[in-house]
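What follows is one structure encoded as structure tokens, with my remarks underneath.
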Amino acid sequence: MPSLDLVFDLLSNRRRRYALYYLNQQSDGVATVTALAQNVVAFERIAAKDADRDSARSPPDRDADPADERETVRVELRHVHLPKLEDAGVLEHDRRSETVRYWGQPSLEEWLEHAHHKEMS
């Protein structure tokens, strides 16, 4: 069971949270890195729309190329977030098949579900 410090460290990054939201929703906990990247971008767009609605600040760049955005997120996941989650024992990343298997952690999921509710509701 990860410590509370580790749980909050893992959940402190928005893209890592979004990847965990998606993995936690999968019945078998398995996803490709490409599917993770697509869903992280989708969560970011939802969050951006909510922020636009709730504030007077200018919206994010809607002209960004979605393929470039997904590729940027995919690279960041592969080189930053998935290794951190793997080191924490939360998932396994098979680099050959570009597949991720999430290992459920009750203490992490409790806070993950709370964060998802606050962030996406």
Side-chain angles (χ1 to χ4, degrees):
M1 172 167 32
S3 72
L4 196 56
D5 287 342
L6 179 58
V7 167
F8 286 129
D9 182 42
L10 295 176
L11 296 179
S12 69
N13 180 276
R14 164 180 53 90
R15 286 189 170 158
R16 219 171 15 250
R17 272 193 318 278
Y18 294 170
L20 287 169
Y21 293 162
Y22 180 72
L23 288 168
N24 193 40
Q25 293 170 350
Q26 305 312 299
S27 61
D28 59 0
V30 175
T32 64
V33 175
T34 300
L36 269 180
Q38 289 170 338
N39 282 279
V40 166
V41 169
F43 279 124
E44 287 179 342
R45 289 180 182 260
I46 291 167
K49 284 180 187 174
D50 289 345
D52 290 350
R53 187 182 63 233
D54 294 340
S55 77
R57 60 189 173 132
S58 60
D61 182 10
R62 301 281 189 231
D63 297 327
D65 182 353
D68 288 347
E69 195 174 359
R70 282 191 306 272
E71 181 60 18
T72 298
V73 170
R74 190 180 72 76
V75 168
E76 187 178 315
L77 286 170
R78 287 181 68 219
H79 293 284
V80 178
H81 303 301
L82 296 178
K84 184 172 186 100
L85 292 165
E86 191 169 35
D87 288 347
V90 172
L91 57 75
E92 179 182 340
H93 175 205
D94 182 337
R95 285 150 187 81
R96 261 195 358 246
S97 66
E98 285 294 289
T99 303
V100 176
R101 175 177 300 278
Y102 171 67
W103 305 112
Q105 300 280 339
S107 59
L108 173 63
E109 287 172 6
E110 176 183 348
W111 291 104
L112 184 65
E113 288 173 13
H114 183 70
H116 185 268
H117 175 74
K118 289 292 191 184
E119 197 163 36
M120 296 293 163
S121 293

Honestly curious: do V40 and M120 fall in one hydrophobic cluster under the side-chain, below-4.5 Å linking rule?
-> yes
Go through the steps for R14 and E44 under the test salt bridge (charged side-chain N to carboxylate O under 4.0 Å, His left out), then give the verdict.
-> CA-CA 9 Å; R14 164 180 53 90; E44 287 179 342; 2.5 Å; yes
Check each of D9, V7, N13 against L11 using the side chain to side chain contact (heavy atoms under 4.5 Å, CB included) test, and report the only one that passes.
-> V7
E92 side, atom CD; L82 side, atom CG - distance, nearest 0.5 Å | 12.0 Å
Pairwise distance CD(E119) to CZ(R17) - rounded to 0.5 angstrom | 4.0 Å
Linked, directly or transitively: F8 and L6 (ILVMFWY side chains, under 4.5 Å) | yes
To the nearest 0.5 Å, how far apart are OG1 in T72 and CG in L77?
-> 11.0 Å
Among Y21, Y22, Y18, which residue meets the ring pair (Phe, Tyr, Trp, His ring centres under 6.0 Å) test with H116?
-> Y21
State, to 0.1 Å, how close L36 and A31 come at their nearest heavy-atom pair, and which atoms those are.
-> CG-CB, 4.4 Å
Passes side chain to side chain contact (heavy atoms under 4.5 Å, CB included), L20 versus L85? Steps please.
-> CA-CA 9 Å; L20 287 169; L85 292 165; 4.0 Å; yes
Does E98 pair with R78 as a salt bridge, N-O distance under 4.0 Å?
-> yes
Check R70 against A37 and note the closest heavy-atom contact, atom names and distance.
-> O-CB, 3.7 Å
Please say whether more than 12 non-hydrogen atoms of neighbouring residues, nucleotides or ligands are located less than 6.0 Å from NE2 in H79.
-> yes
Please check if W103 and V100 belong to a single hydrophobic cluster, counting links between Ile, Leu, Val, Met, Phe, Trp and Tyr side chain heavy atoms closer than 4.5 Å.
-> no
Under the side chain to side chain contact (heavy atoms under 4.5 Å, CB included) criterion, do L112 and Q105 qualify, and how do the steps go?
-> CA-CA 10 Å; L112 184 65; Q105 300 280 339; over 6 Å; no
Which pair of non-hydrogen atoms, one from D28 and one from R101, has the smallest distance, and what is that distance?
-> O-NH1, 3.8 Å
So, for A35 and T32, which heavy atoms are closest and what is the spacing to 0.1 Å?
-> N-OG1, 2.9 Å
